[in-house]
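Here is the naming used below: chain letters follow the sequence lines, and residue numbers restart at 1 for every chain.
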Protein chains: 2
Amino acid sequence: MVLSTAKGSIPLYIQIKDLLVARVTEGKWVPGDTIPSEIQLARELNVSQGTVRKAITELVENNVLVRRQGRGTFVATHDVDRALFHFFHIVNDSGIKILPESKTLSCRKKRASRQEASKLKLSNGAQVVCIERTRKLDNQPTIIETIILPQSLFGELGKRQARNLPNTLYELYETQFGITIHRAEEQLRAVAASEHDASLLGLEPGAPLLEIERTALTLGGTPVELRISRCSTSKHYYQNTVL
Amino acid sequence: MVLSTAKGSIPLYIQIKDLLVARVTEGKWVPGDTIPSEIQLARELNVSQGTVRKAITELVENNVLVRRQGRGTFVATHDVDRALFHFFHIVNDSGIKILPESKTLSCRKKRASRQEASKLKLSNGAQVVCIERTRKLDNQPTIIETIILPQSLFGELGKRQARNLPNTLYELYETQFGITIHRAEEQLRAVAASEHDASLLGLEPGAPLLEIERTALTLGGTPVELRISRCSTSKHYYQNTVL
DNA sequence: GATGTTAAGAGTTATATAAGACCTTAACCA
DNA sequence: TGGTTAAGGTCTTATATAACTCTTAACATC
């Protein structure tokens with residue numbers, strides 16, 4: 001790629017930003033990598049350090065890169081902190097957030113339903129991996145999660161790791177499958193607990209549950225995970241901060 | 001206030017940012033005002049335009065200021081768009097967001113409950129204004145809202161405007177009371193509809209409702225509104241985008 | 001000789017400044 | 001009425017210097 005400085009063209013720092021994003025999405029730089037210093041990139045691209053810096057700044061605000069003064073700039077990784085901070089919103093009544101432990105109930109392959117296929121942008125009836133698990137908060141089963149993954153991306157999962165899945169899946173996606181979840185869209189509803197829900201959570205059937213349907217996307221915007229969580233909110237709630 | 005450039009002191013642009021925020025919170029600049037240009041501020045404060053610019057940039061990211069190239073920089077206002085975009089999260093099943101019309105049921109004074117006082121940081125038993133209203137989505141009553149406001153700030157409301165309240169309250173707070181809502185914290189739960197809820201929404205008692213408890217804060221971080229919404233989510237859902 | 005402390009240096013990001021390009025508006029003129 | 005221009009705002013880019021982090025080597029101490 002060559003940068004254009006012609007009159008009326010896109011600003012340099014935007015072009016550089018796109019170029020840096022491309023290096024991440026293509027896997028040339030992977031999570032945890034140190035990217036070249038601002039000065040190196042500036043020399044390579046024939047612009048000033050400040051211009052590279054502006055591009056990087058926006059990517060840091062997007063959670064694509066992480067800066068550490070005196071150290072360098074890194075491709076952001078999915079550690080537990082990020083999972084908690086960005087993607088987990090359930091807190092207990094004291095407002096404290098703790099990542100729940102998980103117990104996998106099943107992990108099998110099936111054909112995607114119409115809805116699932118549409119939300120994951122798969123062709124009708126494509127194969128998916130379907131995980132079901134419960135999660136404990138404050139030592140009480142509180143959440144039932146159903147996770148749908150395209151088999152084309154996560155094929156290995158069906159075979160090997162059926163029952164010993166780690167607690168933070170996004171870390172696994174990143175390290176084992178080279179897939180980094182970058183953002184998500186969540187749709188929340190109140191639903192009545194089914195018999196199945198109720199027995200797993202120790203509630204009466206018909207009890208109100210908070211249903212969170214999350215579509216998780218990569219940096220490129222491809223949906224790669226569909227996750228439906230049904231939560232008992234008698235001792236916990238979903239916390240959202242509106243800026 | 002004087003800026004400090006001594007070695008080891010806080011960066012200039014942060015000091016400028018604080019200074020600009022102060023001018024907004026003190027009411028020296030009010031929503032809609034044009035603030036002095038970057039160059040004017042730079043001259044006034046004896047720094048370069050770029051330094052002022054960096055301060056303003058962060059405030060734009062915080063939704064405190066709004067820039068318009070060629071026009072100037074303005075203090076952000078609470079128009080309908082902002083209300084919709086930042087503070088209203090209910091969309092219909094097609095993903096479309098429409099601000100619901102409101103019907104005020106009651107507007108009266110009372111003493112704050114313990115919880116209300118604590119969440120609004122009022123002394124125990126302080127006077128509050130309590131508004132109850134329903135809101136229609138797609139021509140169907142879908143939300144019941146209970147709004148609690150400190151009477152110390154919103155005294156006038158109790159008297160005059162009892163029944164002809166506008167649809168977007170935050171605009172009213174800003175224009176009539178000089179109070180700008182800057183951010184909010186929302187706590188979501190699934191609850192069972194009471195008889196009262198059910199009759200207002202045309203549902204069976206016990207039907208699951210999504211309860212949203214929102215605390216709205218000023219730029220200074222003072223809580224100024226407590227709002228509890230109970231929503232039927234059979235044809236709508238709460239949309240949250242996680243970046 | 002082994003170990004802990006200090007100082008210097010190289011490499012990195014962070015801050016501040018300056019200059020010109022670009023955008024918007026309004027006044028002016030043909 | 002429509003085009004031109006000037007003024008004044010933000011936006012982009014470049015450059016210089018400060019602040020921070022880590023490594024290494026010199027040195028004192030046990």
Nearest-Å distance for atom pair [atom1]/[atom2], residues [X] and [N]:
X       : N      : atom1 : atom2 : answer
A/Leu45 : D/dT13 : CG    : C1'   : 14 Å
A/Leu3  : D/dT12 : CG    : P     : 15 Å
A/Ile39 : D/dA14 : CD1   : C1'   : 13 Å
B/Arg43 : D/dG9  : CZ    : P     : 8 Å
B/Leu41 : D/dG8  : CG    : C1'   : 14 Å

Would you list the protein and nucleotides 15-17 of chain C atom pairs, both N or O, that sit under 3.5 Å from each other?
unit_1: C/dT15; atom_1: OP1; unit_2: B/Tyr13; atom_2: OH; d: 3.2
unit_1: C/dT15; atom_1: OP2; unit_2: B/Tyr13; atom_2: OH; d: 3.2
unit_1: C/dT15; atom_1: OP2; unit_2: B/Lys54; atom_2: NZ; d: 3.4
unit_1: C/dA16; atom_1: OP1; unit_2: B/Leu12; atom_2: N; d: 2.6
unit_1: C/dA16; atom_1: OP2; unit_2: B/Tyr13; atom_2: N; d: 3.3
unit_1: C/dT17; atom_1: OP2; unit_2: B/Ser48; atom_2: N; d: 3.0
unit_1: C/dT17; atom_1: OP2; unit_2: B/Ser48; atom_2: OG; d: 3.4
unit_1: C/dT17; atom_1: OP2; unit_2: B/Thr51; atom_2: OG1; d: 2.9

### Message
Return whichever of B/Pro36 or B/Ser9 has its heavy-atom-nearest nucleotide of DNA chain D closer to the 5' end.
### Response
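Looking at DNA chain D, the more 5' nearest nucleotide goes with B/Pro36.
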### Message
Test: side chain to side chain donor-acceptor pair (under 3.5 Å). Region: residues 49-59 of chain A. Which pairs qualify, not counting sequence neighbours?
### Response
A/Lys17-A/Glu58, A/Glu38-A/Gln49, A/Glu38-A/Arg53, A/Ser48-A/Thr51, A/Thr57-A/Arg67
### Query
side chain to side chain donor-acceptor pair (under 3.5 Å): which pairs involve residues 24-36 of chain A, sequence neighbours left out?
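Sorted pair list comes back empty.
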Return the set of residues passing salt bridge (charged side-chain N to carboxylate O under 4.0 Å, His left out) with [X] (not counting sequence neighbours), or none when no residue passes.
X        : result
B/Arg23  : B/Glu44
A/Glu145 : A/Arg133, A/Arg135, A/Arg227
A/Lys97  : none

### Query
C/dT25 phosphate, OP1 or OP2: any side-chain N/O from B/Arg71 under 4.0 angstrom?
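B/Arg71 to C/dT25 OP1/OP2: side-chain N or O found under 4.0 Å.
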### Query
Between A/Thr73 and C/dT13, is there a side-chain N or O to OP1/OP2 distance below 4.0 Å?
yes
## Note on the structure
salt bridge (charged side-chain N to carboxylate O under 4.0 Å, His left out) pairs touching residues 170-188 of chain B, sequence neighbours excluded, are B/Arg183-B/Glu185, B/Glu186-B/Arg214
### Query
If you draw a 6.0 Å radius around CD1 in A/Ile10, do more than 12 non-hydrogen atoms from other residues or ligands fall strictly inside?
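Incorrect, the count does not exceed 12.
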### Query
Do the two ring centres, one from A/His78 and one from A/Phe87, sit under 6.0 Å apart?
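Close enough - the centres of the two rings lie under 6.0 Å apart.
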### Task
Please list residues of residues 55-69 of chain A whose heavy atoms come under 4.0 Å from any atom in DNA chain D, ordered by number; otherwise none.
A/Gln69
### Query
ring-ring contact (aromatic ring centres under 6.0 Å, His included) with B/His89: which residues, sequence neighbours excluded?
B/Tyr238
